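Proteins get letters first, then strands, A, B, ... in listed order; numbering begins at 1 in each. Keep in mind that this is a model prediction, so the values were computed, not measured.
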Number of protein chains: 2
Amino acid sequence: MNKRDRQQKILSLIRAKPIATQETLRELLENAGVAATQSSVSRDLEELGVVKHHGHYTLPRTNGAGARGLVSLDLAGDNLVVARTHPGLASAVAVEIDAATFPEIVGTIAGEDTIFIAVRDQKAERAVIKSIWGLFS
Amino acid sequence: MNKRDRQQKILSLIRAKPIATQETLRELLENAGVAATQSSVSRDLEELGVVKHHGHYTLPRTNGAGARGLVSLDLAGDNLVVARTHPGLASAVAVEIDAATFPEIVGTIAGEDTIFIAVRDQKAERAVIKSIWGLFS
DNA sequence: ATTGATTATGCAAGTTGCGTGCATATGGAT
DNA sequence: ATCCATATGCACGCAACTTGCATAATCAAT
């Protein structure tokens, strides 16, 4: 019914088990008593920053180690991707990202536990998140 | 006409000379071509954090001294808030901002006397500026 | 390249929320 | 108590958000 609740439900669903398509996600929501269309699911996933990787939807964030310092990836507007790392590892992570030379990345700057990644446009943002997440997982 | 413009005008008016009442402020706005009622002026002053002191309205914090290093906050586009600090204090201020964990803040990077604060959208910018000022007042 | 499956999006309708003025309540000073 | 200044509940209008539908764009597999 409510957008926020639906998005929360989506998060718990994709955390519970791998989900391959928006249509199956929509069905699961329906079973949980939350009616929605594929359109809305698509927009929700976009807003939540969920990304499809290895054939299923996941959140680009970790709760522990295993990703060589990278903790999360987020968006700020249309031209900036913000990566969070474990303390002190931002530079190391940034070096690795730079080394991969993604064409959509215009430039990066690293602080202590944060990296700003400038990209050309909104389309590039999603591609970059997907690529970087793949690089570190 | 527009709320944001009107509030900017109010700020420049109370900076220009001491103003004693909301009614005179309203008249000055009218002369400047900005129609408004006393009700709106009252709400604007509230939102702007303007306070009446010694019989006239003033901004509580025009100088940055005593704000633990923070000097100014400005906007760059829709997704970036730029904070200036006293030399060398950017990291310390940034740590304090991070520790407050505002949900609108996507990430921060500190230099020597400047901090870039990435936020999600234009709405978040206003909220963040207000929050940070509150944090350092 | 073609086809089928999956995801994104322009548009229109419904709904919500914000900004505002009016009227009036509250507060403050003498 | 009265007068002046300021705050606020209410209602209305407009702008922004949310959504579904239909369809376009993208992707995967052959």
Side-chain angles (χ1 to χ4, degrees), chain A residues 1-11 13-14 18-30 32-60 75 77-78 103-104 119 121-131 133-134, chain B residues 1-11 13-14 18-30 32-60 78 104 120-127 130:
Chain A
M1 185 64 79
N2 163 306
K3 179 185 168 186
R4 178 157 306 174
D5 296 343
R6 187 184 64 237
Q7 293 191 344
Q8 284 306 114
K9 196 70 193 172
I10 287 177
L11 287 181
L13 283 172
I14 67 178
I19 296 176
T21 74
Q22 295 181 1
E23 179 57 23
T24 62
L25 188 48
R26 193 200 60 75
E27 290 166 7
L28 291 172
L29 285 170
E30 198 169 48
V34 182
T37 61
Q38 175 267 325
S39 305
S40 295
V41 171
S42 171
R43 289 186 265 245
D44 284 342
L45 294 175
E46 158 73 20
E47 288 182 27
L48 292 168
V50 173
V51 79
K52 196 172 188 175
H53 199 235
H54 293 131
H56 63 272
Y57 290 104
T58 55
L59 277 168
L75 300 179
D78 293 343
E104 305 94 340
V119 298
D121 51 38
Q122 194 173 18
K123 184 161 288 187
E125 282 186 319
R126 291 195 235 178
V128 163
I129 285 195
K130 201 172 176 180
S131 299
W133 194 246
Chain B
M1 186 65 81
N2 168 303
K3 179 184 169 186
R4 181 166 278 255
D5 296 343
R6 186 183 64 236
Q7 293 190 344
Q8 284 306 115
K9 195 69 193 172
I10 287 178
L11 287 181
L13 285 172
I14 67 179
I19 295 175
T21 74
Q22 295 181 0
E23 179 57 23
T24 62
L25 187 48
R26 194 199 60 75
E27 290 166 7
L28 291 172
L29 286 170
E30 198 169 47
V34 183
T37 61
Q38 174 266 326
S39 304
S40 295
V41 171
S42 171
R43 289 186 266 244
D44 284 342
L45 294 175
E46 159 71 19
E47 287 182 27
L48 292 167
V50 173
V51 78
K52 195 170 188 175
H53 203 233
H54 294 123
H56 63 273
Y57 290 104
T58 55
L59 281 160
D78 293 344
E104 305 94 341
R120 297 198 189 287
D121 50 39
Q122 193 174 17
K123 182 169 289 188
E125 281 186 320
R126 285 196 274 175
K130 202 170 179 180

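- A/Ser39 contributes a side-chain N or O that forms a donor-acceptor pair with the base of C/dT9 under 3.5 Å.
- Between atom CG of residue B/Leu28 and atom CD1 of residue B/Ile14 there is a gap of 11.5 Å, rounded to the nearest 0.5 Å.
- Rounded to an integer number of Å, the gap from NZ of B/Lys3 to C1' of D/dA16 is 14 Å.
- For A/Ser42 and C/dA8, the shortest distance from a side-chain N or O to OP1 or OP2 is below 4.0 Å.
- The distance between atom CD1 of B/Ile19 and atom C1' of D/dA5, rounded to the nearest whole Å, is 15 Å.
- The CZ-P distance, from A/Arg6 to D/dT19, rounds to 4 Å in whole Å.
- A residue-by-residue look at A/Arg43 and A/Lys52 shows that A/Lys52 has its nearest nucleotide of DNA chain C further toward the 5' end.
- Taking 4.0 angstrom as the limit, B/Tyr57 places none of its side-chain polar atoms (N or O) nearer than this to OP1 or OP2 of D/dA5.
- Distance CZ (B/Arg4) to C1' (C/dC18): 14 Å, rounded to an integer number of Å.
- OP1 or OP2 of C/dA8 lies within a sub-4.0 Å distance of a side-chain N or O belonging to A/Gln22.
- No hydrogens or angles were tested; on distance alone, a donor-acceptor pair under 3.5 Å links the side chain of B/Gln38 to the base of D/dA7.
- No more than 12 heavy-atom neighbours from other residues, nucleotides or ligands sit within 6.0 angstrom of NZ on A/Lys123.
- Here B/Gln22 contributes atom CD and B/Leu45 contributes atom CG; the two are 5.5 Å apart, rounded to the nearest 0.5 Å.
- Counting heavy atoms of neighbouring residues, nucleotides and ligands inside a 6.0 Å radius, atom CD of B/Glu46 does not exceed 12 of them.
- Contact check for A/Val34 versus A/Asp5: no side-chain heavy atoms found under the 4.5 Å cut-off.
- Side-chain to base pairing of A/Glu46 with C/dA8: no donor and acceptor N or O lie closer than 3.5 Å to each other.
- In this entry the distance linking CG of B/Leu29 with P of C/dG19 reads 17 Å, nearest Å.
- In this structure, A/Leu45 places its CG atom 16 Å from C1' of D/dT18, rounding to the nearest Å.
- Rounded to whole Å, the distance from CD on A/Glu30 to P on D/dG20 is 11 Å.
- When the P atom of D/dC17 is taken as reference, atom CG of B/Asp121 falls 9 Å away, rounded to whole Å.
- Within the nucleic acid shown, A/Thr21 comes within 4.0 Å of sugar-phosphate atoms alone, with no base atom in reach, counting heavy atoms only.
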